Structure formats: structure tokens, C-alpha cells
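To start, the structure itself, in C-alpha cells.
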Amino acid sequence: MASRFNPLAADARWQELWEERGTFHASNDSSKPKSYVLEMFPYPSGRIHMGHVRNYTMGDVLARYRRMKGFEVLHPMGWDAFGMPAENAAMEKKVHPGEWTRENIATMKAQLKRLGFALDWSRELATCEPDYYGHEQALFLDLYEAGLVYRKQSEVNWDPVDMTVLANEQVIDGRGWRSGALVERRKLSQWFLKITDFAEELLEGLGTLDQWPDKVRLMQENWIGKSVGMRFSFRLEQPAAGLTKLEVFTTRPDTIFGSSFVAVSPDHPIALELAEAQPEVAEFIADCKRGGTTAAELETAEKKGFDTGLKVLHPLDAEWKLPLYIANFVLMDYGTGATFGVPGHDQRDFEFASKYGLPINRVVASSLDEADKPIANEAESGGGVIVNSGFLDGMDVEGAKAAVIARAEAEGWGQGTTVWRLRDWGVSRQRYWGTPIPIIHCESCGPVAVPKEQLPVVLPEDVSFDQPGNPLDRHASWTKVDCPRCGAAARRETDTLDTFVDSSWYFIRFASQPGDRPFDKTDAESWLPVGQYIGGVEHAILHLLYARFWTRALKRIGRLDVEEPFQGLFTQGMVTHETYKAGDGSWLSPDEVKRDGDDWVHIENGQPVTPGRVEKMSKSKKNTVDPEPIVDQYGADAVRWFMLSDSPPERDLPWSEAGIEGSWRFVQRLWRLSQEHAAGEGEDRALDRKLHQTIAAVGANIEALAFNKAVANIYELATAIEKAPPSRSRSTAAEALLLLVSPMVPHVAEEAWSAAGKTGLAADASWPEADPALLVEDEVTIAVQVNGKLRDTLTAPKGAPRETLQEMALSSEKVVKILEGKSPRKVIVVPDRLVNLVA
RNA sequence: GCGGACGUGGCGGAACCGGUAGACGCUGGAGACUUAAAAUCUUCUGCCCUUAGGGCGUGCGGGUUCGAGUCCCGCCGUCCGCACCA
């Protein structure tokens with residue numbers, strides 16, 4: 001028997017056997033309880049990176065564990081295969097996006113297979129293939145028929161040199177990333193999905209997702225952004241921009257008597273109208289648009305306003321005139337693009353009023369007596385009673401809100417309303433490498449759905465990227481079709497769908513993939529919702545929200561009776577590595593540097609190297625470690641074990657050479673342990689207890705995805721077994737240990753399991769049962785404290801009565817010495833834990 | 001600016017409900033085995049004091065408690081998200 005475990009030979013052998021036997025095939029018809037474990041499918045960018053390895057290892061441990069616990073487990077894998085990188089590669093390397101993508105898939109699939117993941121490859125799918133996206137087109141048309149898809153004008157970033165639409169990330173400092181040309185805003189007619197119809201239920205649904213991280217739920221809540229308030233109008237003293245009224249939105253109608261100005265966005269029709277006649281207004285608007293548009297940039301930017309000279313009349317007092325400003329902090333696409341300022345009770349308005357010398361009035365106070373107390377150094381945004389507000393005086397904030405809304409509605413100048421931050425989902429992309437939108441534009445019929453029997457609308461392969469723009473636009477034979485309705489010559493839609501559509505239902509297709517329709521309702525419902533979904537936090541909002549929306553939309557049209565697609569969500573941390581910088585400031589990769597005592601040097605030229613911060617592995621900082629050579633060197637199990645060890649899975653995992661070597665040593669240690677055949681007789685109660693405690697702890701920790709703790713439990717058991725003298729208990733424990741580690745390091749587990757003469761696969765074995773009788777210790781260590789300080793420990797039988805423990809503590813030599821004959825004033829006894837003597 | 005998370009040895013991190021802080025791993029030291037190296041095994045490894053032993057220690061300052069890493073108040077720092085949300 002080999003004294004060393006050789007992963008080079010063993011890994012592939014077991015992987016082939018699992019494959020041959022279909023060990024990880026999930027059956028839709030199984031009578032076992034079902035469990036769906038899913039990791040976010042990868043974009044086929046070229047090669048697997050450490051982040052993938054970590055993500056898929058976590059899911060794999062859970063999937064294998066659940067199988068051993070008796071579940072029929074669905075653990076599939078596929079490819080999020082449409083997207084811009086393929087088109088970029090097409091332009092740069094002159095390869096077809098499809099060819100580039102399919103080659104990457106082949107490479108990455110081979111890499112994944114070498115890690116021995118318990119995946120059902122028979123359900124593999126790639127979103128770029130017609131047998132996937134054709135069904136997506138059918139679903140899109142179902143939503144279209146149900147009125148959940150519509151078309152409207154929308155702005156895009158247009159690169160006038162490359163003649164193409166740019167994503168936000170392709171716009172750098174207002175210029176196209178390739179051409180460097182100043183980006184223009186263009187209006188195009190685009191397709192939208194009515195996600196706003198679902199705003200309320202998407203928000204409420206968050207409340208049911210108790211197995212999601214709070215952080216993600218909060219991010220989605222903020223993204224949906226429900227605000228309850230009031231929409232109402234100020235009359236303009238004189239008409240402007242063809243308007244006689246200015247409609248504003250506020251969440252604080254209770255402070256209506258505290259307003260001292262009204263402000264509109266620089267994009268507001270009034271502002272734009274004024275700009276045409278007054279150059280200084282135009283200049284102010286242009287000034288507002290300089291600089292960044294992110295929250296952080298805008299927040300720190302100076303609050304600026306332009307007094308238009310116009311006045312508006314207060315709805316509750318026509319004699320009261322307020323100045324109308326254009327202000328850089330008012331957003332056109334939120335509410336009505338206009339608001340009123342209450343400097344006393346809103347900090348931003350306070351700063352604005354201070355700057356422009358506007359009145360700062362108090363309308364909320366802690367009591368009626370403090371109505372005249374001036375607002376000091378900052379706005380008071382808290383609650384209290386309303387003051388200086390006519391009919392509202394004495395009411396609380398909530399009561400006043402209701403009263404103002406009631407009066408506005410009665411008098412017809414405003415109404416209570418809910419405003420959402422969420423906007424409809426624009427799904428049109430002016431790109432080739434995506435799902436064609438199955439619509440035909442006819443001169444006389446307008447947009448017409450492609451008849452279902454003509455699906456899929458297949459992307460033409462004969463395209464070239466040597467000219468700027470979308471190749472579909474200039475593909476004459478593909479775009480030219482007859483109108484399905486009137487038969488006249490018509491033109492295909494050349495936009496493709498946002499790739500987030502592809503990832504909004506792939507988990508349903510994994511569960512059920514008939515050839516003639518997107519999925520079978522009964523089959524899909526037998527697996528859904530996904531029990532545990534694992535992926536990066538970068539998808540906390542868009543992907544997860546769109547998938548939730550898509551699922552609810554399917555429910556609404558009666559296609560699938562599932563409300564939430566992902567019951568449990570886990571967002572894992574990144575894999576990080578130290579960074580290295582050469583003297584000239586350029587980044588160096590880990591294999592270009594070596595340690596020299598306490599310092600680092602460049603291997604090639606011996607120049608000193610400065611080690612930098614530990615950061616997320618990225619190509620730009622060159623601190624990546626390619627998993628494949630690591631697997632070559634150490635085998636799949638060592639890499640998997642490393643991914644699970646030390647760092648809690650939700651936190652970052654620092655990659656280290658020493659760490660992977662430690663993992664390798666442990667894999668070998670497991671092997672050696674399994675090879676010792678010192679047969680023994682008799683029981684070892686202490687070891688039995690350790691084994692059963694470990695069985696329980698490892699199971700609980702895997703279920704909680706606390707892999708680092710499960711790893712620590714296993715180390716302890718391994719050490720206990722090694723130290724124990726031969727006995728029947730020891731043999732039993734050594735065998736059970738193989739099952740406990742098998743979800744994590746399946747290859748060495750199988751090898752040792754088979755070497756131990758077991759029939760069947762470790763992967764097919766049942767998870768060992770923990771005997772409850774062996775989970776409790778019969779002796780416990782009691783801490784003895786004097787005044788809360790630990791002075792001694794003693795051993796007592798579990799469940800010993802308080803009196804006994806107190807006596808034992810008082811007779812401790814150390815305690816006697818410290819008490820110097822005095823008796824304690826008070827004794828606190830926590831059974832099975834400690835005795836605290838208060839002197 | 002707003003929102004959120006976090007802060008424990010040389011490092012990654014344990015610590016259930018307030019009850020022996022530092023499990024487990026990495027690194028490092030000492031030793032065994034070996035011609036030698038690797039591998040392996042034994043052992044030590046929070047800081048300070050000269051030892052028996054003692055003192056100090058969970059970012060900082062307070063508080064509650066017999067007892068605080070854990071609860072409360074106030075700071076400081078780091079990281080993440082952001083859409084100025086009226």
C-alpha cells in the first residue's frame with residue numbers, strides 16, 4: 001500500500017468513476033426529499049480563477065453533505081455566456097464571439113472537472129445557445145402578451161466615433177473608453193420590463209427571506225426605495241415655461257409652513273426654458289453638470305443654487321411668496337424634479353438657506369413652549385410637536401402629515417402618494433452577442449411578436465466586427481423578414497436582451513429542461529426554490545432583484561407557482577493576495593518575487609521589492625494565482641481544503657503558499673491515518689465521545705456554512721485518533737473520519753475508503769449518526785474565581801449540586817491562601833461552569 | 001455626506017444565552033529520527049516581571065454586573081455600498 005496519497009493518479013480515477021456511475025445525477029422523479037444547491041454560474045472569461053474555486057467548493061461541500069444526509073440533490077453548472085467581453089475579444093483578436101466563448105467554456109469545464117465537484121453535468125447549459133435563448137424569447141413574448149413589456153424612448157451613452165452605444169463602465173471621464181471621443185446622450189426607442197409593477201411585492205417579499213444576509217436585504221430595500229409623502233402644486237406668480245403651477249414632492253408635508261424656498265432640478269422644464277432666454281441660467285446648468293455624478297462626489301460637492309427671480313405662492317397662504325431656485329442637489333428623475341426647502345428641519349436645506357440668506361423657521365419643537373426657540377447650528381430633523389403652523393399647531397409629526405394631505409386632497413391642490421426609486425428595467429442592448437429580441441417591426445402594424453413556432457430567432461453566425469456599430473444592423477438577409485401579421489416587408493429588431501435576463505431564469509431551466517418549452521411547471525416546482533444560493537456580493541442588487549422579479553412575473557402569468565427563487569442566500573468573500581511593487585512602481589506577480597530574509601526581491605534582477613496590501617486578486621495588480629498549476633502540484637483535495645480552512649466563508653481569504661502546503665500535509669495525514677492497521681479491542685469512551693461530538697459539530701457547521709469551524713472540528717478529531725491507543729473505538733473513529741471529510745476532500749476519502757475494503761463509494765455512504773448519549777461529558781472542569789478572577793480549576797462530575805461545588809471551591813488550596821481564613825461575603829455558583837467567591 | 005459591517009497574539013481566526021480569552025490552522029523556536037536532506041514525530045510559542053508565582057491583556061475612554069471580547073454610552077480607526085431620495 002502506498003505510503004503517500006498520490007492525487008495525480010487518484011483524482012482522475014475517482015472523477016471518472018463518479019461520472020461513469022452518474023453518481024451526481026439528480027433525478028426529477030426521486031422519492032427522496034429534494035434539495036437544490038446552486039452557485040452563481042460563471043461568465044466564461046477564459047480560465048477559472050480562485051474566486052470560482054472558492055465559490056464552487058463551498059457549494060460542493062453542502063451538496064455532497066446533503067446527499068449523504070439522504071436528499072436527492074440538484075447541483076448543476078452552466079455558463080452565463082453572452083456579454084461584452086466576447087465582442088471585445090472579437091474586435092481585438094479577430095475571433096468570432098461564439099468561437100471565443102465556446103473555447104473558453106471547454107477550457108473552464110475541463111478545469112472545473114479536475115476539482116472533482118459533485119455536479120450534474122447532464123444539465124449543463126450555456127445561455128448563448130439557441131436551445132437556451134430560444135426559450136427565453138418565448139418567455140419574453142409571454143411577458144409581452146401579459147403587458148409586462150413595453151417600449152419607450154430612453155437615453156443612452158453614444159460614442160460618435162465608434163458609432164456605438166456605451167455602457168456606463170465604458171465611459172471614462174465623459175469619454176468613450178476606446179475612441180476617447182466625448183460621449184453624447186442620445187434618445188433611442190427601447191424595450192422595458194415593468195419591474196415597477198412589482199415594487200411593493202418585491203419589497204414585502206424581502207421580509208420572508210430570513211435566510212438572506214441582512215445586508216443584501218437592506219441594499220435591495222434601499223434600491224427599491226419606497227417613500228410615502230405628498231405631491232402638490234405651488235402656483236407660479238407669473239406663468240413660466242408654459243406652466244402656471246409647479247408640482248413638487250415631499251416626504252415631510254408636516255413642515256409645509258416651514259418652507260422658505262422652492263427648488264427645481266437643473267434638468268427641470270422650467271430651468272431649461274429659462275436657460276434659453278438667459279445665458280447665466282444656461283451657464284449655471286452647465287456648471288451643475290460638470291464633475292462626477294456619484295453620490296459621494298455630489299455629497300461633498302458644494303450646494304449651489306441659482307435664484308431665478310420667479311416667485312411661487314404658498315398653497316395655504318396666497319399672500320406668502322417663496323423664491324424659486326434652480327439647485328444642483330435636486331434630481332429630475334426622483335419625484336417631480338422639484339421640492340420645497342425647510343431649512344429648520346433638513347440639514348441640506350439648512351446649509352442652502354444659510355448660504356443664500358433665506359429664513360430658517362422652526363415648525364417642529366419639543367413642546368409648544370419652545371415655539372420661539374431659534375434653530376441653532378444645525379437642522380432639527382427629529383420628531384416633536386408642530387408649531388408656528390396654523391391649523392397644525394400641537395399635532396405630532398405623523399398626525400400633521402395626515403392632516404396636510406387630507407386638506408390638500410379636499411381642496412384639490414395635492415394628494416398623498418408613494419414614490420419609488422425603482423425604475424423599469426431597460427433590457428435593450430445595441431449589441432450582437434446577446435439574445436435577439438423576438439420582435440419584427442412593420443411599417444403598418446408596428447412592432448409585432450415573432451410567432452412562437454418561428455422561435456428561436458437564431459443569431460446569424462456570418463458577422464464581422466471590422467466596422468463600428470452593431471453587426472446585426474447591417475446584416476441584410478437576417479434583418480429582412482415579412483411581417484407575420486400583414487405579410488408586408490418588415491425588419492427584425494436588431495437589439496438584443498440585457499444579459500441579466502439570461503441569468504434571471506437559468507436556475508429554473510436547470511431544474512427542468514424539456515426541448516419544446518422553457519420548463520415543465522411541475523418538475524420545476526419540485527425543485528424550487530433554490531435551497532441555498534451562493535455567490536459574490538457584487539450581485540446583491542441587480543441580478544438577485546431581476547431574478548426575483550422574473551420569478552414573480554412568471555407567477556403572475558400562471559407559469560410557475562413560486563414567489564421567491566432563492567430561499568437561502570450566501571455571499572462569500574473574495575480570495576486575496578499580497579501585492580508586490582518594483583522600484584519603478586510597477587506591479588509584480590507573486591512568482592516574479594521571492595523572500596530574502598525579511599525582505600522581498602525580484603527573482604530576475606535581485607532588485608528590492610516592496611510588499612503592499614493584501615488585496616482582491618486582480619489582473620491589474622498582478623497578484624493572481626492561477627488554480628490550475630496548483631491543482632497539478634497539490635491535487636484537488638489540498639486546494640479544496642485550503643478554500644475551506646481558516647477564514648470564515650463570508651470574509652476574504654488570503655491565499656498563501658504556506659497555507660496550501662499545510663493543506664497538502666493534512667491530506668497526507670488523513671491518508672496515513674487510514675493506513676494504520678493497528679487493530680485493537682475494547683472501548684475507548686473518551687474517543688467515542690469525541691467522535692460523536694465531532695459528527696454533530698461538523699454537520700451543524702456545514703449546515704451553517706461555517707466551514708472553517710468544521711475544519712477545526714476535524715483537525716481535533718484527527719489528533720485525538722492519532723493519540724489514542726489501539727481499540728475498537730479507534731478503528732471505528734478512523735473510519736467515520738473518512739466520511740466526515742468526504743464532502744470536503746472527496747478523492748482521498750474515496751481512496752482510503754476503498755483501501756479499507758469498503759464496498760460502495762464514500763460519496764454514496766450515509767452521514768454518520770451522532771449518538772445523543774455520547775454528546776455530553778460526564779465530567780466537567782469548573783472555574784474557581786475569587787472576585788471574578790480565575791484562581792483555580794477543578795474537575796467535578798457533570799450535574800454536581802451547587803453545595804458540592806461550593807465546598808470543593810472553598811477547600812481549594814489556592815483559594816484558602818487568597819481568602820486568608822476569611823469567609824466569602826457571597827458565593828455565585830453556575831452549575832457545570834464556575835464558582836465565584838466574592839470576598 | 002448618508003447607510004452598513006468590522007476592530008481579539010507575528011498572521012488567518014475560535015469563544016453557545018454575560019461565566020476558564022486565544023480552540024484549530026499558519027509562521028517561528030527547541031529536540032528526536034536520518035550519513036544528510038525531505039517527510040514524520042515530540043515540545044514550546046499573547047505581553048511583562050528574576051522564579052514558585054504574580055501582574056497586564058480582546059481599538060480608546062467611561063458605565064452596568066459577583067463576573068464584560070460579548071450589554072449600554074461616548075470616541076478613534078479600517079473596509080464595503082451609494083442613487084444628494086426631499
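Bear in mind that the values here come from a model prediction, so they are computed numbers and not experimental data. Just so we're on the same page: letters track the sequence lines, and every chain starts at 1. Values reported hereafter were calculated over all heavy atoms of this structure, with side chains retained and with hydrogens, waters and symmetry mates removed.
Distances were taken from every side-chain heavy atom of A:N708 (C-beta onward) to each of B:rA14, B:rU27, B:rU42; the shortest belongs to B:rA14. Relative to the side chain of A:N222, the nucleotides B:rG3, B:rC26, B:rG25 differ in distance, and B:rG3 lies closest. When distances are taken from the side chain of A:T781 to each of B:rU20, B:rU42, B:rA86, the shortest belongs to B:rU20. Closest approach to the A:E716 side chain among B:rA23, B:rG19, B:rC66 is made by B:rA23 (side chain taken as heavy atoms from C-beta onward). Which of B:rG19, B:rC66, B:rG13 sits closest to the side chain of A:V838 comes down to B:rC66.
One N or O on the side chain of A:N836 and one on the backbone of A:G788 form a donor-acceptor pair closer than 3.5 Å. Judged by distance alone, the side chain of A:N623 and the main-chain N or O of A:T579 form no donor-acceptor pair under 3.5 Å. Looking only at distances, no side-chain donor or acceptor of A:Q220 sits under 3.5 Å from a matching main-chain atom of A:L203. Between the side chain of A:D637 and the backbone N or O of A:V667 there is no donor-acceptor pair closer than 3.5 Å. A donor-acceptor distance shorter than 3.5 angstrom exists from the side chain of A:R640 to the backbone of A:P743, with no hydrogens or angles considered.
Both A:T250 and A:G225 lie near RNA chain B, and the one whose nearest nucleotide falls closer to the 5' end is A:G225. Toward the 5′ end of RNA chain B lies the nearest nucleotide of A:R672, the other residue of the pair A:R672 and A:L837 mapping further downstream.
Two residues are said to be in side-chain contact when any heavy atoms from C-beta on lie closer than 4.5 Å; A:F352 and A:Y325 meet this criterion. A 4.5 Å side-chain heavy-atom check between A:I660 and A:W655 finds at least one atom pair inside the cut-off. The shortest side-chain heavy-atom distance between A:Q668 and A:R4 falls under the 4.5 Å cut-off.
The interatomic distance linking A:K789 (NZ) with B:rA68 (P) rounds to 10 Å, in whole Å. Rounded to an integer number of Å, the gap from A:Q785 CD to B:rC66 P is 13 Å. Atom pair A:M219:CE and B:rC80:C1' shows a separation of 8 Å (rounding to whole Å applied). Nucleotide B:rA86 holds its C1' atom 12 Å from the CZ atom of A:F234, rounded to whole Å. With rounding to whole Å, A:D214 atom CG is found 21 Å from B:rC80 atom P. For A:R54 and B:rG12, the CZ to P distance is 14 Å, given to the nearest whole Å. Rounded to whole angstrom, the span from the CZ atom of A:R825 across to the C1' atom of B:rG67 amounts to 14 Å.
Residue A:F249 is classed as a base contact, given a heavy-atom separation below 4.0 Å to a base. Among the protein residues, A:L218 comes within range of the sugar-phosphate backbone only, with heavy atoms under 4.0 Å from sugar or phosphate atoms but none that close to a base. If you check every strand for non-hydrogen atoms under 4.0 Å, A:K814 touches nothing. Residue contacts for A:R252: at a heavy-atom cut-off of 4.0 Å it reaches the sugar-phosphate backbone alone, with no base atom in range. Counting any heavy atom pair closer than 4.0 Å across all strands shown, A:N836 reaches a base atom.
B:rA37 is unpaired under the criterion used here, namely a Watson-Crick or G-U wobble arrangement in which both key atom distances are under 3.5 Å. With both pairing distances under 3.5 Å, B:rG81 is matched to B:rC2 as a Watson-Crick or G-U wobble pair. B:rG57 is unpaired under the criterion used here, namely a Watson-Crick or G-U wobble arrangement in which both key atom distances are under 3.5 Å. Applying the Watson-Crick and G-U wobble criteria (two distances, each under 3.5 Å), B:rU65 pairs with nothing in any strand.
Side-chain nitrogen and oxygen atoms of A:K616 include none within less than 4.0 Å of the OP1 or OP2 phosphate oxygen of B:rC80. The phosphate of B:rG12 has neither OP1 nor OP2 within less than 4.0 Å of any side-chain N or O from A:R651. OP1 or OP2 of B:rA15 has at least one side-chain nitrogen or oxygen of A:K709 nearer than 4.0 Å. Put simply, A:R665 has a side-chain N or O that comes within less than 4.0 Å of OP1 or OP2 on B:rU27. Contact annotation: A:S227 reaches the phosphate of B:rA86 (side-chain N/O to OP1 or OP2, under 4.0 Å). Checking the phosphate oxygens (OP1, OP2) of B:rG55, a side-chain nitrogen or oxygen of A:R791 falls inside 4.0 Å.
A heavy atom closer than 4.0 Å to some atom of RNA chain B occurs in A:D646, A:S647, A:P648, these being the qualifying members of residues 642-650 of chain A.
Comparing the P positions of B:rG59 and B:rG10 gives an interatomic distance of 13 Å, to the nearest angstrom. Distance noted for atom P between B:rC82 and B:rG18: 35 Å (whole Å).
Going from atom CZ of A:F249 over to atom OG1 of A:T336 covers 8.5 Å, rounded to the nearest 0.5 Å.
Its glycosidic angle being within 90° of 0, B:rC17 falls on the syn side.
Counting distance only, with no hydrogens placed and no angle test, the side-chain atoms of A:R833 and the base atoms of B:rC16 include a donor-acceptor pair under 3.5 Å.
Between A:K401 and A:E398, at least one side-chain N (NZ, or NE/NH1/NH2) sits under 4.0 Å from a carboxylate O, which counts as a salt bridge.
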